[in-house]
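For reference, the structure is listed below as structure tokens.
Values reported hereafter were calculated over all heavy atoms of this structure, with side chains retained and with hydrogens, waters and symmetry mates removed.
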Amino acid sequence: MSNILVIYGSTYGQTERIARRIGELLHQAGYLVDTHRGDRLPEHLTLETYSGVVVAASVLAGYHQRYIRTFVRHNAARLNRLASAFVSVCGSAGSDPAKASAYIEGLLEESGWRPMITRSFTGGVAYTKYSWPVRWVLKRINRSKGLPTDTSRDWDFTEWREVDAFARSLAALFAAPIRRQAQLASAAGAK
């Protein structure tokens, strides 16, 4: 059984929910999955003990979490040697896919990481968790876009069926390099 590492950055909790859902589905597909918040990583975490890595982060004020950007930048060479994927959670994913893609490209260009696959999902609006200035600004933005403005509750816009389909495709994607490694090891042992 292969180990998959899921690392996430989440400010208001939606990206954590998405990362954990991906981890659960990878586990159901037969992988051992370790899920960690990017600013609370175990002290002796070693990427080489994993056959695949999923990094998920949310966009806030135009950037993914600083601790995720730092992790990716410091580990880009190791991540490039592994089967890896990046998930970006961004309010623009549903309304402006080009802008959502630009956030992903910015992180990858800054870090030098080349994941096998990237994906952007729409997150949510956590009105009940925002400070009043953030709540006020987002309410105005959402009003201009025709989105919900009821600040007494949170709104979930994540495409959960697409998250599930993405996780299943990751399970298959991660299996291919693992099979190749097993074939190479078997061939080397036969010599």
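L60 and V134 fall within a single hydrophobic cluster, where Ile, Leu, Val, Met, Phe, Trp and Tyr side chains are chained together by heavy-atom contacts under 4.5 Å. When the side chains of ILVMFWY residues are joined at heavy-atom separations under 4.5 Å, either directly or via intervening members, V72 and L47 end up in a single hydrophobic cluster. Follow the hydrophobic side-chain contacts under 4.5 Å out from M116 and you reach I4 in the same cluster. Y31 and L82 fall into different hydrophobic clusters, where Ile, Leu, Val, Met, Phe, Trp and Tyr side chains are chained together by heavy-atom contacts under 4.5 Å. Hydrophobic clustering keeps I117 apart from L79 (ILVMFWY residues linked when any side-chain heavy atoms are closer than 4.5 Å, directly or through intermediates).
Taking NZ of K129 as the start and OG1 of T11 as the end, the distance is 11.0 Å to the nearest 0.5 Å. For the atom pair R168 CZ and L26 CG, the distance stands at 11.0 Å (nearest 0.5 Å). Distance check: R69 CZ to H74 NE2 gives 11.5 Å after rounding to the nearest 0.5 Å. Rounded to the nearest 0.5 Å, atoms CD (E109) and CD1 (I104) are 13.5 Å apart. Atom OG of S111 sits about 11.5 Å away from atom CD1 of I68, to the nearest 0.5 Å. Rounded to the nearest 0.5 Å, atoms CZ (R37) and OG1 (T15) are 9.5 Å apart.
Partners of I141 under the side chain to side chain contact (heavy atoms under 4.5 Å, CB included) rule, at least two apart in sequence or in another chain, are V137, L138, K145. Every residue was checked against the salt bridge (charged side-chain N to carboxylate O under 4.0 Å, His left out) condition with R140, not counting sequence neighbours, and none meets it.
The backbone N or O of G123 lies less than 3.5 Å from a partner atom in the side chain of T158, making a donor-acceptor pair. Remark: the backbone N or O of G52 is not paired with any side-chain donor or acceptor of N3 at under 3.5 angstrom. A donor-acceptor pair under 3.5 Å is absent between the side-chain atoms of D34 and the main chain of L5, judged by distance alone. Remark: the backbone N or O of T128 is paired with a side-chain donor or acceptor of D154 at under 3.5 angstrom.
Summarising the local packing, OH of Y63 is surrounded by 12 or fewer heavy atoms from other residues, nucleotides or ligands at distances under 6.0 Å. Counting heavy-atom neighbours within 6.0 Å of R114 CZ, excluding the residue itself, gives a total of 12 or less. In R161, the CZ atom is not crowded: 12 or fewer heavy atoms of neighbouring residues, nucleotides or ligands sit closer than 6.0 Å. The neighbour count for E48 CD, taken as heavy atoms of other residues, nucleotides or ligands under 6.0 Å away, is above 12.
Within the 4.5 Å cutoff, no side-chain heavy atoms of H36 are placed close to those of R40. V55 has its side chain out of reach of V87: every pair of non-hydrogen atoms, C-beta onward, lies at least 4.5 Å apart. Residues L147 and V125 are not in side-chain contact: their nearest non-hydrogen atoms beyond the backbone lie 4.5 Å or more apart. You'll find the side chain of H64 reaches within 4.5 Å of the side chain of F86, heavy atoms only. F121 places none of its side-chain heavy atoms less than 4.5 Å from the side chain of F157. Looking only at side-chain heavy atoms (C-beta outward), V54 and I7 stay at 4.5 Å or farther from each other. Contact annotation: the side chain of S51 never approaches that of F174 to less than 4.5 Å [non-hydrogen atoms, C-beta and beyond]. The shortest side-chain heavy-atom distance between W136 and T151 does not fall under the 4.5 Å cut-off.
Ring geometry for Y127 against Y130 counts as perpendicular: the plane angle is over 60°, on a 0 to 90° scale with 30° as the lower cut.
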(request) Dump the intermediate steps for side chain to side chain donor-acceptor pair (under 3.5 Å) on S58 and Q14, then the final yes or no. (result) CA-CA 8 Å; S58 57; Q14 191 70 5; over 6 Å; no
Starting from the C-alpha separation in whole Å, work towards a yes-or-no answer on side-chain contact (heavy atoms from CB on, under 4.5 Å) for F166 and L170.
CA-CA 6 Å; F166 178 74; L170 276 180; 3.4 Å; yes
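In plain terms, the two heavy atoms of C90 and V59 that are nearest each other are CB-CG2, 3.9 Å. Residue P115 comes nearest to L108 through the heavy atom pair CD-CD2, 3.7 Å, listed as atom of the first residue, atom of the second, then distance. Taking both residues in full, the closest heavy atoms of Y67 and G38 are given as CD1-C, 3.4 Å, listed atom of the first, atom of the second, then distance. When all heavy atoms are compared, the tightest approach of S152 to D150 is OG-OD1, 2.6 Å. The two residues P148 and W155 have their closest heavy-atom pair at CB-CE2, 3.3 Å. Closest non-hydrogen pair, V163 versus R21, comes out as CG1-CG, 4.1 Å.
The residue from V6, V33, L45 that alone fulfils the side-chain contact (heavy atoms from CB on, under 4.5 Å) condition with Y50 is L45.
A salt bridge links R17 to D156: at least one charged side-chain nitrogen sits closer than 4.0 Å to a carboxylate oxygen. A salt bridge links E16 and R20; the closest N-O separation between the charged side-chain nitrogens and carboxylate oxygens is under 4.0 Å.
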